Amino acid sequence: RLTVAGNDEIGELSTAVNLMLSDLEKLQGELREAKETAEDATKLKDHFVSLVAHDLRSPLSTIMGMLRLLQSGRHQISEEKRADVIAKVIHSAHNMITVIEDLLNISLLQTGKIQPVPAFFDGARVVESCINAMEFTADGKGVKVVNGVVPGTRLYADFTMFGEVLKNLISNSIKFCRAGDTVTVFVPEGEPSTIAVRDTGVGINPAFYPDLFRHEVKTTSSGTGEERGTGLGLPYSRDIMLAHGGDLSADAPKPGEGALFRARLPLVRPVVLVVDDDERLLEDIALLMAQDKLEVIKASSEDEAVRIIETRKPHLVIANSHLTGADALSLVQRLKEDNPRATVPLIVITPENSGISGESLMPLGVRDVLAKPFKVHDLISRVKKYVA
């Protein structure tokens, strides 16, 4: 019996040792993998830093050379030449600032310290704004920029950040266009939440195509007018699109056919919560909003509204300030107390001569106040400001 018991214990001990060895081997493998990943990351960082250092050194060298020319006084410089030198110094300094700002923004995006604040807006409006910003550059090269986005194209994104992406794409297209070429911004067929930028310029160098969106690989080249670039724009733009849950891509280059980039956003249908106890008004609002492809959720009490806001996360709340057994002002206060809910825009409907002013409600997060009696179309026009 003792011998049998001893053999059992030895067997169990052997099994335990084998498990420990297996776990140790697994741990060693994970450590090796982590070490290799860290080494690769360090190499990547070093390579990226060297690229950026080069991009900063070039404009800095230009600035130093120009300033030495002005300082030396050995050559007679006309006022026209002096103004030209100063303009080049400012341009080079601006390029350095752009590189530094891009680096800071890339870091903040990748660490999650910058988060998009999405809202609904008209795609045609953001495109028109970007084209206007590029108008001087395009006119200077004789390039035509066309806004082919139909007014009323609903997009859901951070207006400023998405605008930066579009400006970068349009700027790149202009950079690689010649006099007489055209840049067209449009919505591709079957992709209602995508904005595409197509040009008739010299196109993408096929050697650069696989690395266009990689921070650690320099893919920039001089434009048709010898314009310089940092190579940070496209990778940074793609980071912005990924932060939105979307993507940025380029069609495979075809010789002599220009370039085509697509900035894809998630397709989001606006959800509007209407808190009221007037069934007829609710039905009228729901019917009219359906024509604008809005989803309407109804609630007849404050508590029901709060539950819906927590679960469905509507993009807009419309609340009657005198509900049966509830009060929109109380609802507003409850939403304000909970920060995640407080980001939901609110429109409050008040009785005639109630004395409730928009100014008094704005600090609570109310975007608009509509007094009864009103026409439903007046309400719809206000709704469109937030979910157009």
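The structure presented is a predicted model; accordingly, all values stated were derived computationally and were not measured. Just so you know, these numbers use all the heavy atoms, side chains as well, and skip hydrogens, waters and symmetry mates.
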- Donor-acceptor contact below 3.5 Å, side chain His244 vs main chain Asp158: yes

(Q) Closer than 3.5 angstrom, by distance alone: can the side chain of Asn147 be matched with the main-chain N or O of Ala124 as a donor-acceptor pair? (A) yes

Side chain to side chain contact (heavy atoms under 4.5 Å, CB included) between Leu248 and Leu169, intermediate numbers included
CA-CA 10 Å; Leu248 179 62; Leu169 296 180; 3.9 Å; yes

Review point. Can a salt bridge be assigned to the pair Glu164 and Lys167 using a cut-off of 4.0 Å between side-chain N and carboxylate O?
Key: yes

Practice task
Please lay out, stage by stage, how Asn168 and Tyr236 fare under the test side chain to side chain contact (heavy atoms under 4.5 Å, CB included).
Solution key: CA-CA 10 Å; Asn168 183 59; Tyr236 174 45; over 6 Å; no

| Just by modelled atom types, is the Gly152 backbone N or O under 3.5 Å from a matching donor or acceptor in the Asp122 side chain? | yes

Inset, instruction - Look only at the side chain of Arg264 and the backbone of Gly245, and say whether a donor-acceptor pair between them is shorter than 3.5 Å. - result: no

- [ ] Decide yes or no for Thr200 and Arg178: does some side-chain heavy atom of the first lie under 4.5 Å from some side-chain heavy atom of the second?
- [x] no

Review point. Are the side chain of Thr184 and the backbone N or O of Val146 linked by a donor-acceptor pair below 3.5 Å?
Key: no

Check: Between Arg262 and Asp247, does at least one N-O distance fall below 4.0 Å, as a salt bridge requires?
Finding: no

Task: Parallel, tilted or perpendicular: rings of Phe121 and Phe159 (30°, 60°) - done: perpendicular

Check your understanding: Any donor-acceptor pair under 3.5 Å linking the side chain of Arg154 with the backbone of Pro192?
Key -> no

Applying side-chain contact (heavy atoms from CB on, under 4.5 Å) to Glu295 and not counting sequence neighbours gives Arg269, Val271, Ile297, Arg312

Residues 270-316 vs ring-ring contact (aromatic ring centres under 6.0 Å, His included), sequence neighbours excluded, gives Phe120-His315, Tyr156-His315

Donor-acceptor under 3.5 Å (Asp181 side chain, Val143 main chain)
no

